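To keep things clear, I will list the structure first and then write my remarks on it.
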Amino acid sequence: MAKVKVKQEEALSIKFSHQMAPGDQRTFDLYFYLPTEMGIGSHTLDEEEYYHSGILGRRSYYSKGLHLPLVQSRFISLNKRTMEEFRLYLNLFAYQFAVAIETDGKELRQKSDASEFYLALDELCDVVVQLLKKFRRNEPSDPKWKSYFEHADNYLSWFCEQQLLKILAHSPRSSDFSEVKDKALDLCRSENYYREQVCKYNSMQTQQDANRISNKMLLLRRLIQQGVVLKEELKPLGIGLKKFVTGLATGLVMLVVSALIIKAQGFFNGLTLTLVLTLAVIYGFREIFKEDFRNAMWRFIQRGRPRWSRILRDTSTQAIVAKQLVWLEFMRSQDIPDTVSEIMKHRNSQNKVDSTVLHYRIATKVANKPFEAGYSEIQEQVNFSLVPFARHLERGKAKIYKESDGNISNESVERRYQVNLVAVLRDGKQQPEYARFKVTMNRSSIVEITESKLPDNIQPFTSEADSNLHEETQVVDHHQVEP
């Protein structure tokens with residue numbers, strides 16, 4: 001199995017995902033080599049702003065043996081479980097089911113070939129029907145447990161309907177697959193009828209108000225995430241140090257200003273207009289250079305230090321599951337590790353362009369104790385949005401001219417950029433492992449993500465680079481459903 005999976009998530013985003021077990025200590029580094037011609041650097045992109053707006057992470061429990069916990073025979077006997085165990089397995093199934101449908105929907109919407117699109121849509125409809133049927137077959141009779149089941153059932157029914165409608169809204173136009181389209185629409189209508197007429201989960205006012213139904217389903221989604229998605233406590237580091245640097249920079253600037261003022265007073269006799277103008281110039285230069293001096297000092301002192309710390313807690317027990325440190329900074333060429341530089345030297349000569357390096361690191365220490373029953377690993381998924389990068393790119397203005405039988409035609413071409421990405425993975429005290437990816441992008445989307453070969457003397461880690469495959473689809477793979 002791949003240690004790290006890399007894929008295109010949206011038109012301009014990349015997702016990295018990996019799993020960690022109890023006691024693991026893992027450091028994961030990403031070096032984004034951004035061509036200088038893209039115009040991206042510390043002067044145009046603020047690292048802290050990009051971290052909060054362009055990097056989205058999700059950490060949750062993960063278990064390979066519990067893809068479909070409620071439809072597997074060992075979990076059907078409800079009387080042998082406690083309330084907490086029932087909620088744990090129920091939430092795990094509902095969460096994995098929702099993530100799988102959402103991920104499959106994103107994959108389907110990226111398909112442009114009609115036959116491929118509708119074949120995958122037909123299979124997805126069969127899987128959804130099968131899983132919902134098996135899920136509802138195990139509805140508990142105890143009223144205390146039934147309410148939890150109804151919340152999950154209501155949400156999954158609505159979410160499946162919404163995802164299928166969203167897929168159909170982006171479907172390729174074709175009259176050859178009307179049966180598949182009608183099949184998906186019938187499934188949406190049947191789920192709506194089941195939800196509103198058979199079970200009466202939602203009031204008439206809620207059904208008719210898009211805002212109310214959306215907010216209610218958002219609340220139900222949070223309920224099914226209880227005990228599965230880990231609670232995150234993010235804390236910025238170096239706040240006290242930054243205040244100290246600010247004070248020190250102000251003090252040093254004032255020391256220079258005071259010396260200049262004393263020298264100016266000694267040079268001019270008495271309070272004259274010339275002295276006043278000189279003092280004004282001194283104070284003006286102080287305001288101009290004070291911020292630059294402070295920022296330069298702060299960047300020098302902060303270089304190589306972690307920017308944030310994160311604590312991951314179990315939402316049910318509030319126990320600490322893992323602790324993380326996060327780095328994000330533009331690096332100088334002399335600070336880049338030698339192995340990473342060696343990897344980049346093996347590029348083709350036409351690809352060796354000047355680059356600015358944005359470094360992201362996350363160091364994780366997982367608690368050395370077993371997780372909640374049924375969980376064997378935690379999964380971390382991190383999405384990097386390239387939208388802030390694309391804002392700086394130029395639109396394609398060039399044209400290619402062609403001649404055919406004396407007729408000249410032209411075709412507009414897009415401007416493409418290649419971002420090199422070096423990933424470094426270190427588990428505990430083991431030797432680091434490496435991978436390099438080439439991300440070809442334009443102003444509107446990622447064109448291609450490919451993994452490049454490393455030099456023979458550098459150890460690669462098992463990775464998967466695919467812009468179309470999603471690991472979560474195995475959750476709803478009908479081949480894994482027990483009869």
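Everything numeric here is computed off the predicted structure, so don't read it as measured data.
- Between Asn420 and Lys438, some side-chain heavy-atom pair lies under the 4.5 Å cut-off.
- Contact annotation: the side chain of Leu325 approaches that of Leu237 to within less than 4.5 Å [non-hydrogen atoms, C-beta and beyond].
- Counting only distance, with no hydrogens or angles, the side chain of Ser13 and the backbone of Asn383 share no donor-acceptor pair below 3.5 Å.
- With hydrogens and angles ignored, the 3.5 Å screen pairs a side-chain donor or acceptor of Asp46 with a backbone N or O of Glu49.
- Counting all heavy atoms, side chain and backbone alike, Glu47 lies closest to Leu328 at O-CD2, 3.3 Å.
- Taking 4.5 Å as the limit, some side-chain heavy atom of Leu12 sits within range of a side-chain heavy atom of Ile446.
- To the nearest 0.5 Å, the span separating CG on Leu164 from CZ on Phe159 amounts to 10.5 Å.
- Counting heavy atoms of neighbouring residues, nucleotides and ligands inside a 6.0 Å radius, atom CD of Glu403 exceeds 12 of them.
- Dense packing is recorded around CD of Gln318, with more than 12 heavy atoms of other residues, nucleotides or ligands lying under 6.0 Å away.
- With hydrogens and angles disregarded, no donor-acceptor distance shorter than 3.5 Å links the side chain of Arg415 to the backbone of Arg443.
- Cation-pi geometry between Arg307 and Tyr51 is not met: the NZ or CZ atom fails to fall both under 6.0 Å from the ring centre and inside 45° of the normal.
- The environment of CZ in Arg303 is crowded: more than 12 heavy-atom neighbours from other residues, nucleotides or ligands sit within 6.0 Å.
- Using a 4.0 Å cut-off between charged nitrogen and carboxylate oxygen, Arg26 and Glu377 do not count as a salt-bridge pair.
- The nearest pair of heavy atoms linking Asp314 to Val321 is N-CG2, 3.7 Å.
- Scanning both residues, Leu45 and Phe330, for their nearest heavy atoms gives O-CE1, 3.5 Å.
- Residues Leu218 and Arg222 have side chains in contact (heavy-atom distance under 4.5 Å, counting atoms from C-beta outward).
- Rounded to the nearest 0.5 Å, atoms CG (Asp104) and CD (Gln163) are 9.5 Å apart.
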Stepwise side chain to side chain contact (heavy atoms under 4.5 Å, CB included) test for His359 and Asp335: CA-CA 11 Å; His359 175 224; Asp335 295 331; over 6 Å; no

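- Closest heavy-atom contact between Phe28 and Ala423: CE1-CB, 4.0 Å.
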Criterion side chain to side chain contact (heavy atoms under 4.5 Å, CB included) on Tyr360 and Val382, from CA distance to verdict: CA-CA 11 Å; Tyr360 172 86; Val382 184; 4.2 Å; yes

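- Paired with Val422 under the rule side chain to side chain contact (heavy atoms under 4.5 Å, CB included), one option of Leu30, Ile343, Thr339 passes, and it is Ile343.
- Across all their heavy atoms, Pro172 and Lys111 have their closest contact at CG-O, 4.1 Å.
- Taking 4.5 Å as the limit, some side-chain heavy atom of Arg436 sits within range of a side-chain heavy atom of Met344.
- Scanning both residues, Tyr95 and Val229, for their nearest heavy atoms gives CE1-CG2, 3.5 Å.
- Checking side-chain atoms of Asp24 against main-chain N and O of Val366 turns up no donor-acceptor pair under 3.5 Å.
- Side-chain atoms of Ser355 and Leu34, non-hydrogen and from C-beta on, never get closer than 4.5 Å to each other.
- Using a cut-off of 4.0 Å between Lys/Arg side-chain N and Asp/Glu carboxylate O, Lys183 and Asp126 are scored as salt-bridged.
- Side-chain contact between Asp122 and Phe177: absent, with no pair of heavy atoms (C-beta onward) separated by less than 4.5 Å.
- The side-chain hydrogen bond (donor to acceptor under 3.5 Å, both in side chains) test with Gln324 is passed by exactly one of Lys365, Glu380, Glu232: Glu380.
- A donor and an acceptor atom, one from each side chain of Arg58 and Gln381, are located under 3.5 Å apart.
- From Ile336, atom CD1 reaches atom OG of Ser341 across 5.0 Å, with rounding to the nearest 0.5 Å.
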Chi angles and distances behind the side chain to side chain contact (heavy atoms under 4.5 Å, CB included) call for Val6, Glu451: CA-CA 9 Å; Val6 185; Glu451 185 170 358; over 6 Å; no

Check against side chain to side chain contact (heavy atoms under 4.5 Å, CB included), Leu187 and Val129: CA-CA 8 Å; Leu187 176 56; Val129 170; 3.6 Å; yes

Criterion ring pair (Phe, Tyr, Trp, His ring centres under 6.0 Å) on Phe97 and Phe135, from CA distance to verdict: CA-CA 11 Å; Phe97 191 2; Phe135 172 64; 7.7 Å; no

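- At distances below 3.5 Å, not a single donor-acceptor pair connects side-chain atoms of Tyr155 with backbone N or O atoms of Leu219.
- Residues Ser60 and Gln379 have side chains that never bring a donor and an acceptor to within less than 3.5 angstrom of each other.
- Side-chain atoms of Leu220 and Trp158, non-hydrogen and from C-beta on, never get closer than 4.5 Å to each other.
- A donor-acceptor pair is defined here as one N or O able to donate and one able to accept, closer than 3.5 Å; no such pair exists between the side chain of Arg59 and the backbone of Leu230.
- When each of Phe384, Tyr31, Tyr50 is tested with Leu358 by the rule side chain to side chain contact (heavy atoms under 4.5 Å, CB included), just one qualifies, namely Tyr50.
- Other residues, nucleotides and ligands place more than 12 heavy atoms under 6.0 Å from the CG atom of Asn457.
- If you take CD on Glu233 and NZ on Lys231, they are separated by 5.0 Å, rounding to the nearest 0.5 Å.
- Distance check: Ser404 OG to Lys402 NZ gives 10.0 Å after rounding to the nearest 0.5 Å.
- Remark: Arg361 CZ to Glu329 CD distance equals 9.0 Å, nearest 0.5 Å.
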